[in-house]
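Structure, as structure tokens:
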Amino acid sequence: MNKPFMLTPANSFIGTPDCDCDCACSLPTLSSDRMTIAAQSWHQAPHQIIWHNADWTALFLPHGPTSLVVLNAEGRRIWERFTMPYRPCSSEEEAFIAQAAASGLLWPAQTPPPAPTPEAAPTQLSAWLHLTNACNLRCDYCYLHKTAARMSSETGIRIVDRLIEEAKRHHYPGIKLKYAGGEPLINFQTLQSIQVYAEKRVAAAGLALETVLITNGTLLDETNLMFLKEHHIRLAVSLDGLGASHDSQRHFADGRGSFEIISQNLALARRLGIQPLINITITGKNASHLPELVAFLLQKGYRFTFNLYRENIFAQDQTALALEDERIIQALLTSLDIIDANLPAWSLLGALTDRANLHSTHQYTCSAGRNYLVFDHNGRIAQCQMLIHRPVSDLNDPTPLETVQLASTAFANDRSALKIVPADKKSECTDCPWRYYCAGGCPLEAKRATGSFASRSPNCQIYQAIFPRLLELEARRLVHHHQTETTDRSRSVSNQPAAL
Ligand code: SF4
Ligand code: SF4
């Protein structure tokens with residue numbers, strides 16, 4: 001086995017979390033064959049040292065393919081030889097180049113680091129299934145105009161059939177269904193019918209199926225939780241604080257808070273062997289209590305994501321919800337200090353950065369307008385769940401994915417539709433080292449704040465304040481788990497009975 005010189009999020013034994021947030025997740029768009037290892041001169045890729053101690057050096061790589069490489073002392077010693085173009089002279093240096101080239105740390109001399117390609121390699125076709133327009137809660141920041149309408153099982157089945165056709169036609173190897181609403185458990189029977197049908201039909205079509213339920217957590221019970229478990233449906237639950245700070249923005253229609261019942265249901269899910277993902281929405285109302293929620297979740301062993309409030313016309317109490325950069329940054333940095341003292345086993349890179357994803361480089365913030373379809377309860381199709389009231393296609397459309405993609409281009413006639421703009425075309429982001437990880441933030445937020453889809457995110461200052469600290473934490477987390485693993489391994493070797 002080659003001697004290891006570095007740790008990266010990709011070669012860490014700690015997996016990349018699946019993204020189960022209430023958005024169209026960004027997908028890695030970088031091809032892996034841009035490098036070949038050959039006998040030639042190499043030099044250091046653009047980088048920033050973000051943390052170091054006597055044994056480890058953590059580097060941020062703006063051009064990727066991954067954001068982070070953590071060199072051990074030997075790796076750093078060899079890497080320093082490449083400040084100028086340098087040709088390897090020993091097998092040790094060649095072994096180092098093999099690892100460094102795969103991580104993007106070294107590049108062949110005279111070759112500039114490339115930008116990620118705008119076209120995503122087909123990985124998955126994602127769909128939001130709006131099972132109902134009804135909800136038993138009245139959260140302050142909800143973007144939905146609620147009615148009692150529900151999706152029928154027939155509509156759900158037609159959606160699955162159409163998704164299979166689209167996935168086959170566009171060569172996607174898999175389909176992801178996000179059961180959402182409103183509160184999707186209000187329409188649990190339809191969810192069951194769709195899931196059972198999708199399992200059969202998607203497998204028969206030779207495709208992979210991934211499913212997640214995005215719920216407010218109040219209607220979870222033993223019956224629906226057992227169904228989720230038996231059918232491998234992941235569970236994502238919204239929780240915005242402990243007690244009053246959660247209740248202040250997530251309450252029932254009569255004003256009662258929902259924290260108590262959700263915490264009981266989360267405990268039930270754990271007892272039944274289900275590990276829920278906690279989606280935290282950060283607003284001006286709950287930000288100052290974020291650190292105590294983070295401490296609680298870490299202590300109980302829950303995985304969680306941070307999502308920043310998105311302004312919308314249906315939100316209540318908009319002034320209180322509004323994000324003030326300084327307050328949000330303070331709350332996030334304090335929360336990251338708490339994480340630093342309790343480093344979890346899961347990767348921090350995709351979970352705590354709102355719409356950004358520090359795992360790998362990409363040109364688009366999310367999949368909206370590319371490989372994402374949002375089906376409302378009647379089977380009409382929108383580009384994003386925030387635009388569910390403005391469908392651009394429906395189930396009678398023989399090519400809905402093309403329709404959505406076309407509506408998302410700058411040339412489309414529908415001026416009210418979402419337009420997607422790659423990071424390289426956002427002039428305000430051109431000089432930003434984070435642009436291939438942030439990609440300018442949610443395009444709808446940019447449009448709302450500035451009138452242009454090509455503007456940078458209104459949360460830019462928040463992002464720039466927390467990204468470096470987050471990378472530092474991830475570096476320390478990788479080192480911490482590497483050292484724990486190494487100690488465990490040597491203990492188990494020394495406990496082996498001596499050979500006779
Ligand atoms: S929105 Fe801000 S942090 Fe994000 S890429 Fe643009 S300039 Fe960088
Ligand atoms: S456009 Fe914005 S709200 Fe819609 S999926 Fe993308 S990041 Fe999320």
Side-chain angles (χ1 to χ4, degrees), residues 19-27 48 60 62-64 67 115-116 120 126-128 130 141-144 176 178 180 214 279 281 305-312 314-315 323 325 328-329 332 350 353-358 361-375 381-392 404-405 407-408 416-450 452-471:
C19 181
D20 293 336
C21 64
D22 63 344
C23 247
C25 314
S26 60
L27 296 164
Q48 289 173 20
F60 163 53
H63 288 265
S67 55
S126 295
W128 173 281
H130 192 72
Y141 51 75
C142 184
Y143 54 80
L144 206 62
K176 179 171 181 176
K178 292 187 172 191
I214 299 170
N279 283 333
T281 298
T305 67
F306 289 162
N307 309 283
L308 297 177
Y309 159 62
R310 281 163 293 198
E311 280 187 44
N312 68 83
F314 295 113
L323 303 174
D325 287 354
I328 302 298
I329 290 169
L332 284 166
T353 48
D354 191 39
R355 308 274 66 90
N357 184 344
L358 300 188
T361 47
H362 48 274
Q363 286 278 3
Y364 294 99
T365 303
C366 64
S367 311
R370 298 183 305 129
N371 55 341
Y372 184 53
L373 297 171
V374 171
F375 292 89
I381 304 170
Q383 299 161 288
C384 159
Q385 63 281 358
M386 299 278 293
L387 298 175
I388 199 152
H389 53 288
R390 278 196 220 144
V392 295
V404 164
Q405 288 170 344
S408 310
S416 66
L418 164 74
K419 310 290 175 213
I420 58 169
V421 181
D424 275 338
K425 299 270 189 242
K426 294 188 174 177
S427 56
E428 292 173 319
C429 301
T430 311
D431 298 325
C432 175
W434 305 103
R435 69 187 178 283
Y436 297 134
Y437 298 98
C438 166
C442 168
L444 288 176
E445 274 290 275
K447 169 80 169 167
R448 179 198 56 74
T450 68
S452 167
F453 288 112
S455 294
R456 67 181 171 194
S457 167
N459 299 322
C460 177
Q461 271 200 34
I462 300 174
Y463 294 155
Q464 299 215 15
I466 64 162
F467 288 165
R469 176 73 173 125
L470 202 57
L471 273 193

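We count ligands from 1, going down the list as the structure has it; atoms in each ligand are counted the same way.
For C438, every N, O or S atom stays at 2.8 Å or more from atom 2 (Fe) of ligand 1. At a threshold of 2.8 Å, atom 2 (Fe) of ligand 2 has a backbone or side-chain N, O or S atom of C442 nearer than that distance.
Atoms of ligand 1 lying under 4.0 Å from at least one heavy atom of R456, given by number and element, are 1 (S), 6 (Fe). With ligand atoms numbered from 1 in the order given, ligand 2 contributes 3 (S) to contacts under 4.0 Å with heavy atoms of M386. Every atom of ligand 2 is numbered from 1 in the order shown, and the set under 4.0 Å from a heavy atom of C366 is 1 (S), 5 (S), 6 (Fe), 7 (S). Numbered from 1 in the order shown, with element, the atoms of ligand 2 that lie under 4.0 Å from a heavy atom of R355 read 7 (S). Interface atoms of ligand 2 facing C384, defined by a heavy-atom separation under 4.0 Å, are 3 (S), 4 (Fe), 5 (S). Each of the atoms 3 (S), 5 (S), 7 (S), 8 (Fe) of ligand 1 lies under 4.0 Å from some heavy atom of C432. Atoms of ligand 1 lying under 4.0 Å from any heavy atom of Q464, numbered from 1 in the order shown and given with element: 2 (Fe), 3 (S), 7 (S), 8 (Fe).
Of the possible polar contacts, none joining the Q461 side chain to the D325 backbone as a donor-acceptor pair under 3.5 Å is found. The closest donor-acceptor contact from the side chain of T365 to the backbone of A439 lies under 3.5 Å.
Residue-level proximity to ligand 1 for K426 is absent, since no heavy atom of it falls below 4.0 angstrom.
Residue contact annotation: R310 has a non-hydrogen atom under 4.0 Å from ligand 2. Assignment of G441 to the shell around ligand 1 is not supported, since no heavy atom sits closer than 4.0 Å.
Here NZ of K425 is found 9.0 Å from CD of Q363. Values are rounded to the nearest 0.5 Å.
Within the 4.5 Å cutoff, the side chain of R448 has no heavy atoms near those of the M386 side chain. Side chains of F453 and L444 form a contact here, defined as non-hydrogen atoms less than 4.5 Å apart. Using a 4.5 Å cut-off on side-chain heavy atoms (C-beta onward), S408 and R370 make no contact. Side chains of C438 and F467 form a contact here, defined as non-hydrogen atoms less than 4.5 Å apart. In this structure, T353 and Y463 have side chains that are not in contact, with every pair of non-hydrogen atoms separated by 4.5 Å or more.
Nearest to atom 5 (S) of ligand 1 among the protein's heavy atoms is R435 CA, 3.5 Å. The protein atom (non-hydrogen) at minimum distance from atom 2 (Fe) of ligand 1 is C460 SG, 2.4 Å. For atom 6 (Fe) of ligand 1, the nearest non-hydrogen atom of the protein is C429 SG, 2.3 Å.
Side-chain contact check for T305 and N279: at least one donor-acceptor pair (N or O, by modelled atom type) lies under 3.5 Å.
The aromatic rings of Y437 and H362 stand perpendicular to each other, their planes meeting at an angle above 60°, with 30° marking the opposite boundary.
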